[in-house]
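Just so you know, these numbers come straight off a predicted model, no measurement behind them.
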Amino acid sequence: MNRPMTWLTIAVLASLVVRPISAADCTKTSVGLVPVNDLGGGMYLGQFQGGLYPGGSNAVPDAHARWGMMLANRVRPLGTSGQPDPAGKAVLLSIGMSNTTQEFCSQPATEPCDSWTFMGLAAADARVNHTTLVIANGARGGQAASTWDSPADANYDRVRDTVLAPKGLTEAQVQVLWVKQADPQPTAHLPQTNADAYVLESYLGGIARAARIRYPNVKLAFLSSRIYAGYAIGVSTLNPEPYAYESAFSVKWLIAAQIEQMGGGPADPRAGNLDLNTVSPWVGWGPY
């Protein structure tokens, strides 16, 4: 029997833990930064409050959670033209860069996926809907935030033609996203007014709107920030600490911007319009 993709299914997927890529230098276990969720109501650099959600909290605010639950309960099998179809599919798609594809499926972005990745674990998990849910990896190495923030970006055509189409799927069937992105080669860190954390927040807002255009039935987008970069050697300028750490604030601020806007506030000047009713999926934290 076909099963709709319920909030429980999505929660199971969001809770799957993937193993980090092996460290290159195991002596650098810390650079002294407190994880944003552990920071809570405390301040980074004395200015930027921690917590995954506003107010230093790690809990989804009630109103935002209700929006997410409502939209999750609308995820259901769709036919290739986007119409409800019990024999159709609901697609969970990853969007992102090298870290994203390595954790979601495999380093070369091809299947079969490594057993420890998100897709590998989901394939072996009996709690996951294997009937009408399709998990697809759209991420690819080198495809950072600036290559996804416009609906005209080549990545969307690539995903359509080389990821979805070979599985008999269309963009109209994509309903849930996992987004993990970074701004490579950063040069300014917080609290500078031109910090790359602010740049990434703007890119993520563009990605949310681009995804809603390319995937008109997308309802939910789970976001993750960059993994710990203290181990990195040889690519130390690509996305080192503290930039990797500060990308968590980019995600936090983006989500907070949508919460504020849907509560009646104005669109955030960096994140842009994130109206759930018109231009954006619901955004919330995936694994941090």
Side-chain angles (χ1 to χ4, degrees), residues 20-21 23-25 27-39 42-52 94-103 107 139-150 152-155 178-211 221 223-258 267-274 283 285-288:
I21 303 303
D25 182 351
T27 66
K28 300 179 181 179
T29 56
S30 174
V31 293
L33 300 173
V34 180
V36 171
N37 57 328
D38 293 336
L39 189 59
M43 297 289 179
Y44 172 56
L45 303 177
Q47 299 182 45
F48 307 101
Q49 189 175 53
L52 300 179
S94 67
I95 284 179
M97 53 185 181
S98 56
N99 271 178
T100 318
T101 184
Q102 289 164 358
E103 296 168 4
Q107 184 168 354
R140 177 175 284 188
Q143 303 308 297
S146 62
T147 70
W148 294 91
D149 67 330
S150 166
D153 284 336
N155 268 317
W178 180 49
V179 181
K180 182 179 183 181
Q181 276 296 1
D183 183 29
Q185 307 292 339
T187 58
H189 57 75
L190 295 171
Q192 297 176 67
T193 57
N194 64 333
D196 285 83
Y198 296 133
V199 175
L200 180 58
E201 181 190 0
S202 295
Y203 280 140
L204 292 174
I207 291 170
R209 290 183 291 275
L223 281 72
S224 295
S225 56
R226 176 77 160 77
I227 60 171
Y228 174 65
Y231 294 127
I233 59 174
V235 290
S236 59
T237 62
L238 186 60
N239 206 253
E241 297 295 350
Y243 302 101
Y245 172 78
E246 291 180 357
S247 71
F249 287 94
S250 306
V251 174
K252 170 186 169 72
W253 295 333
L254 181 87
I255 296 168
Q258 186 175 71
D268 183 87
R270 290 194 180 98
N273 187 4
L274 296 172
V283 295
W285 276 95
Y288 168 63

With a 3.5 Å distance limit and no angle check, can you tell me whether [X] reaches the backbone of [Y] through a side-chain donor-acceptor pair?
X	Y	result
Ser224	Pro287	yes
Ser250	Ala197	yes
Asp268	Gln258	no
Gln181	Gln143	yes
Glu241	Val31	no
Ser247	Ala182	no

Exercise. Just wondering, are more than 12 heavy atoms of other shown residues or ligands nearer than 6.0 Å to CD in Gln192?
Worked result: yes

Does any part of the side chain of [Y], heavy atoms only, come nearer than 4.5 Å to the side chain of [X], both counted from C-beta?
X	Y	result
Leu274	Leu254	yes
Trp178	Leu223	no
Pro240	Pro186	yes
Leu238	Gln185	yes

For this session: Show your working on side chain to side chain donor-acceptor pair (under 3.5 Å) between Arg140 and Asn155 and close with a plain yes or no.
Result: CA-CA 9 Å; Arg140 177 175 284 188; Asn155 268 317; over 6 Å; no

Problem set entry | Qualifying residues under ring pair (Phe, Tyr, Trp, His ring centres under 6.0 Å), relative to Phe249, sequence neighbours excluded |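 Counting only residues at least two positions away or on another chain, Phe249 forms a ring pair (Phe, Tyr, Trp, His ring centres under 6.0 Å) with Tyr44, Tyr245, Trp253.
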
Can you give me the closest heavy-atom contact between [X] and [Y], atom names plus distance?
X	Y	answer
Asn239	Ala244	OD1-CA, 3.6 Å
Asp153	Ser146	OD2-O, 3.9 Å
Leu45	Phe48	CD1-CE1, 4.2 Å
Tyr288	Asn37	CE2-OD1, 3.2 Å
Gly50	Lys252	O-NZ, 3.0 Å

Residues 199-209, side-chain donor-acceptor partners within the protein, below 3.5 Å, at least two apart:
{"from": "Ser202", "atom 1": "OG", "to": "Tyr198", "atom 2": "O", "distance (Å)": "3.4"}
{"from": "Ser202", "atom 1": "OG", "to": "Arg270", "atom 2": "O", "distance (Å)": "3.1"}
{"from": "Arg209", "atom 1": "NH1", "to": "Gly205", "atom 2": "O", "distance (Å)": "3.4"}
{"from": "Arg209", "atom 1": "NH1", "to": "Ala271", "atom 2": "O", "distance (Å)": "2.8"}
{"from": "Arg209", "atom 1": "NH1", "to": "Asn273", "atom 2": "O", "distance (Å)": "3.0"}
{"from": "Arg209", "atom 1": "NH2", "to": "Ala271", "atom 2": "O", "distance (Å)": "3.4"}

For this session: Quick one: pull up NZ in Lys180 and CD in Gln102 and give me the separation to the nearest 0.5 Å.
Result: 8.5 Å

Exercise. So which of Leu190, Val36, Asp196 actually passes side chain to side chain contact (heavy atoms under 4.5 Å, CB included) with Glu246?
Worked result: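 Per the side chain to side chain contact (heavy atoms under 4.5 Å, CB included) rule, the option paired with Glu246 is Leu190, out of Leu190, Val36, Asp196.
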
